[in-house]
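Here is the structure we will look at.
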Amino acid sequence: VQLQAFGGGLVQAGASLRLSCAAYGGTFTSYAMGWFRQAPGKVREFVAAISRVGGRTHYADSVKGRFTISRDNTQNTVYLQMTSLKPEDTAVYYCAARYTSVTSVITTYTTVGDYNYWGQGTQVTVSS
């Protein structure tokens, strides 16, 4: 599967932004999806994850209550709705996919090593 993320930009603190990640070339419902981010000089960190089906989600503590991950299986797209953005949310945001078996349809995955496929990243910059 190939992933293409878009929707990043420059916003002021407190604003909202929605990232999208379109998947191509695979059966989208076979993949658990996740969002990660990487700020300059820092390691890539987990942001949010959603299961293959069933809509089970998991969030990093730093974004809980502000970010929402969702997926539209008819559009082969996963979204990250970001609200109340802070300067510390500034980073390149990556979407990721993990092929999962039918026994793991409601599992979410939270580490970089869990994922098989990565998008190219989209820059989010939050000014104070």
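FYI, side chains are in, hydrogens and waters are out, and symmetry mates aren't considered; it's all heavy atoms of this structure.
- A distance-only check finds a donor-acceptor pair linking the side chain of Thr77 to the backbone of Gln75 [under 3.5 Å].
- With a 6.0 Å cutoff to the six-membered ring centre and a 45° limit on the axis angle, Arg98 counts as a cation-pi contact of Tyr109.
- In this view, Val92 and Tyr94, Gln123 satisfy the side-chain contact (heavy atoms from CB on, under 4.5 Å) rule, not counting sequence neighbours.
- In this structure the side chain of Met82 never reaches within 4.5 angstrom of the side chain of Arg66, judged on heavy atoms.
- Between Asp89 and Lys86 there is no salt bridge, since no side-chain N of the basic residue sits under 4.0 Å from a carboxylate O of the acidic one.
- Clustering ILVMFWY residues whenever any of their side-chain heavy atoms sit less than 4.5 angstrom apart, transitively, puts Val63 in the very cluster that holds Leu80.
- Atom CD1 of Ile50 and atom OG1 of Thr107 lie 13.0 Å apart (nearest 0.5 Å).
- Cation-pi contact between Arg71 and Phe28: present, with separation from the ring centre below 6.0 Å and deviation from the ring axis of at most 45°.
- Taking hydrophobic clusters as Ile, Leu, Val, Met, Phe, Trp and Tyr residues chained together by side-chain heavy-atom distances below 4.5 Å, Tyr59 shares a cluster with Val78.
- Every residue meeting the side-chain contact (heavy atoms from CB on, under 4.5 Å) condition with Thr122, not counting sequence neighbours, appears here in chain and number order: Ala5, Leu19, Tyr93.
- For the residue pair Ala97 and Tyr31, the shortest heavy atom distance occurs at CB-CD2, 3.9 Å.
- Annotation for Ile106: atom CD1 does not count as buried by contact number, only 12 or fewer foreign heavy atoms lying within 6.0 Å.
- Remark: Val112 pairs with Phe36, Arg44, Trp118 by the side-chain contact (heavy atoms from CB on, under 4.5 Å) rule, at least two apart or across chains.
- Other members of a hydrophobic cluster containing Tyr79 are absent, since no ILVMFWY side chain comes under 4.5 Å of it, directly or through relayed contacts.
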Practice item. Please test Ser16 against Gln81 for side-chain contact (heavy atoms from CB on, under 4.5 Å), starting from the C-alpha separation and ending with a verdict. Key: CA-CA 7 Å; Ser16 299; Gln81 178 67 50; 4.0 Å; yes
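- Within a 6.0 Å radius of CD in Gln2, no more than 12 heavy atoms belonging to other residues, nucleotides or ligands are found.
- Transitive grouping of hydrophobic side chains (ILVMFWY, heavy atoms separated by less than 4.5 Å) brings Val47 and Val126 into a common cluster.
- Between Leu85 and Leu17, some side-chain heavy-atom pair lies under the 4.5 Å cut-off.
- For Arg18, the salt bridge (charged side-chain N to carboxylate O under 4.0 Å, His left out) test picks out no residue, with sequence neighbours left out.
- Not one N or O on the side chain of Thr27 forms a donor-acceptor pair closer than 3.5 Å with the backbone of Thr29.
- Contact annotation: the side chain of Phe67 never approaches that of Trp35 to less than 4.5 Å [non-hydrogen atoms, C-beta and beyond].
- Ser51 places a side-chain N or O within donor-acceptor distance of the main-chain N or O of Arg56, the cut-off being under 3.5 Å.
- Using a 4.5 Å heavy-atom cutoff, the side chains of Met33 and Leu3 are in contact.
- Side chains of Arg37 and Glu45 form a contact here, defined as non-hydrogen atoms less than 4.5 Å apart.
- Heavy-atom minimum distance, Gly26 versus Val1: N-CG2, 4.2 Å.
- Within the structure, the disulfide bond (SG atoms under 2.5 Å apart) test picks out the following pairs touching residues 75-123 (sequence neighbours left out): Cys21-Cys95.
- Closest of all the heavy-atom pairs between Ala13 and Ser128 is CB-CA, 4.4 Å.
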